[in-house]
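Any value given below was found using the heavy atoms of this structure, including those in side chains, with hydrogens, waters and symmetry copies removed. The first residue in the sequence is number 1, and the count goes up from there. As the structure lists them, so they are numbered: ligands from 1, and atoms in each ligand from 1.
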Amino acid sequence: YKYTVGQPYVYPKNSLSYTSNFMRMMFATPCEEFEPNDVLVRAMDRIFILHADHEQNASTSTVRLCGSSGTNPFAAIAAGVACLWGPAHGGANEAALNMLKEIGSVENIPAFVQGVKDKKYKLMGFGHRVYKNFDPRAKVMQKTCYEVLEQLGINDPLLHVAMELEKVALSDQYFIDRKLYPNIDFYSGITLRAMGFPTNMFT
Ligand code: COA
């Protein structure tokens, strides 16, 4: 990331926690002192934990399959990252954010939802292969999203679109019948963007 934005690499500081270091290495520059923001560090920590502690999903399976042939562990993890990239998996937060931008405002939600029901496209950030009664991670992520936006004093219109879209979908028979609920990616994109991560870095 630092290379792509033309900034010098920032070395880790041993006195900081893993996540504080991560934030510092992302956002510090040599010109100014960097004070980790506790709310943002806690949010990032939760994002890491919620994504790590997550059964045998597609990317984990990919790493294990690749590793089962005796490949080098770095190659196996690279294969897992490649699998995670797709919009049905780790790329869903970027896809959800793009979807919210495309919807733009709450007036456009009914037409968008009708398009989902007509199977023109999917509601990104909804649905899960395993969590059919609610994604417990989504509740934590939604709370974290509010905390981050409040801490940064951001009034993101996309959050209003997301909240209304969630409300409309959760009361619609199409989504009820198919047990489709918001997953972690529904709110993580808004959160990461507010924290300063460029969208193409999400996965
Ligand atoms: N929006 C609209 N309809 C959806 C949907 C979504 N996000 N996810 C599933 N469906 C529908 C399917 O079209 C299907 O409808 P049908 O019975 O009329 O054919 C039904 O729900 C079951 O779909 P299925 O493909 O069996 O669900 P799945 O459990 O295998 O899929 C996902 C899981 C995650 C791949 C899927 O929900 C999805 O693509 N979600 C959007 C991407 C996303 O947010 N991924 C992050 C996951 S953490």
Side-chain angles (χ1 to χ4, degrees), residues 43-66 77 79-146 148 156 158-195 197-203:
M44 196 68 230
D45 228 10
R46 284 185 191 152
I47 290 173
F48 281 146
I49 291 167
L50 293 176
H51 285 85
D53 182 20
H54 188 45
E55 40 93 16
Q56 180 122 6
N57 56 51
S59 50
T60 305
S61 305
T62 304
V63 173
R64 294 181 70 146
L65 182 63
C66 199
I77 289 168
V81 171
C83 175
L84 186 69
W85 197 338
H89 195 11
N93 53 7
E94 182 176 349
L97 196 58
N98 290 338
M99 172 194 76
L100 294 172
K101 282 187 204 154
E102 206 177 302
I103 296 171
S105 68
V106 288
E107 306 85 74
N108 301 329
I109 290 175
F112 177 82
V113 168
Q114 191 54 51
V116 174
K117 289 155 69 172
D118 294 341
K119 300 214 183 278
K120 291 185 187 152
Y121 37 76
K122 279 188 170 173
L123 177 46
M124 301 312 285
F126 258 65
H128 195 270
R129 185 69 262 189
V130 176
Y131 298 131
K132 297 292 182 194
N133 293 309
F134 213 86
D135 179 347
R137 304 167 306 159
K139 290 195 176 167
V140 180
M141 197 62 243
Q142 187 192 47
K143 185 167 170 273
T144 304
C145 181
Y146 295 153
V148 165
D156 189 341
L158 292 188
L159 180 63
H160 301 295
V161 176
M163 286 164 69
E164 185 60 22
L165 180 57
E166 178 182 12
K167 205 167 91 193
V168 169
L170 288 178
S171 56
D172 189 296
Q173 208 55 42
Y174 175 96
F175 299 91
I176 295 169
D177 288 346
R178 291 168 180 76
K179 297 186 186 303
L180 298 170
Y181 302 93
N183 58 50
I184 186 170
D185 294 295
F186 196 66
Y187 284 102
S188 67
I190 298 176
T191 314
L192 288 167
R193 186 171 79 144
M195 289 164 81
F197 291 95
T199 314
N200 63 6
M201 239 193 99
F202 285 4
T203 351

Q) Above 12 or not: heavy atoms from other molecules or residues under 6.0 Å from NZ of K117? A) yes
Q. Can you tell me if NZ on K101 sees more than 12 non-hydrogen neighbours from other groups inside 6.0 Å?
A. yes
Test item: protein heavy atom less than 4.0 Å from [atom]:
atom                    : result
atom 32 (C) of ligand 1 : no
atom 24 (P) of ligand 1 : no
atom 19 (O) of ligand 1 : yes

Q. Are the side chain of H89 and the backbone of S59 linked by a donor-acceptor contact shorter than 3.5 Å?
A.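 Yes: the side chain of H89 pairs with the backbone of S59.
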Q | Side-chain (N183) to main-chain (G127) donor-acceptor, under 3.5 angstrom | A |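 Confirmed, N183 side chain pairs with G127 backbone.
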Q: Apply side-chain contact (heavy atoms from CB on, under 4.5 Å) to the pair R193 and D156, showing each step before the final yes or no.
A: CA-CA 10 Å; R193 186 171 79 144; D156 189 341; 2.9 Å; yes
Using a 4.0 Å cutoff against the non-hydrogen atoms of [X], which atoms of ligand 1 qualify?
X    : answer
G125 : 43 (C), 44 (O)
A92  : 43 (C), 44 (O), 45 (N), 46 (C)
D185 : 46 (C), 48 (S)
P87  : 42 (C)

Got the closest protein heavy atom to [atom], with its distance?
atom                    : result
atom 41 (C) of ligand 1 : F126 O, 3.3 Å
atom 39 (O) of ligand 1 : K122 NZ, 3.1 Å
atom 3 (N) of ligand 1  : Y174 OH, 3.2 Å
atom 34 (C) of ligand 1 : G127 O, 3.7 Å
atom 27 (O) of ligand 1 : K132 NZ, 4.3 Å
atom 26 (O) of ligand 1 : R129 NH1, 4.0 Å
atom 45 (N) of ligand 1 : A88 O, 2.9 Å
atom 7 (N) of ligand 1  : L123 O, 2.8 Å

Which bit of [X] is near ligand 1, meaning a heavy atom under 4.0 Å away: side chain, backbone, both or neither?
X    : result
A96  : neither
R178 : side chain
F186 : neither
K179 : neither
K119 : side chain

Q.
With no hydrogens and no angle check, just 3.5 Å: does a side-chain donor-acceptor pair link Q114 and D118?
A.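 The answer is yes; a qualifying pair exists.
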What I'd like to find out is whether the side chain of [X] reaches to under 4.5 Å of the side chain of [Y], using heavy atoms alone.
X    : Y    : value
F186 : Q142 : no
R178 : K132 : no
C83  : V63  : no
L123 : F175 : yes
M124 : E94  : no

(Q) Among N183, V130, D135, L180, which one puts a heavy atom closest to atom 4 (C) of ligand 1? (A) L180
Q: Would you sort out whether F126 and Y181 count as a ring pair (Phe, Tyr, Trp, His ring centres under 6.0 Å), showing the intermediate values?
A: CA-CA 5 Å; F126 258 65; Y181 302 93; 8.0 Å; no
Q. Touching ligand 1 at all, Y121? Heavy atoms, strictly under 4.0 Å?
A. no
Q) Any heavy atom of V116 sitting closer than 4.0 Å to ligand 1? A) yes
Q.
Show me the pairs that pass ring-ring contact (aromatic ring centres under 6.0 Å, His included) and involve residues 94-125, at least two apart or across chains.
A. F112-Y121
Q) Does the pair K139 and Y187 meet the rule for a side chain to side chain donor-acceptor pair (under 3.5 Å), with working shown? A) CA-CA 9 Å; K139 290 195 176 167; Y187 284 102; over 6 Å; no
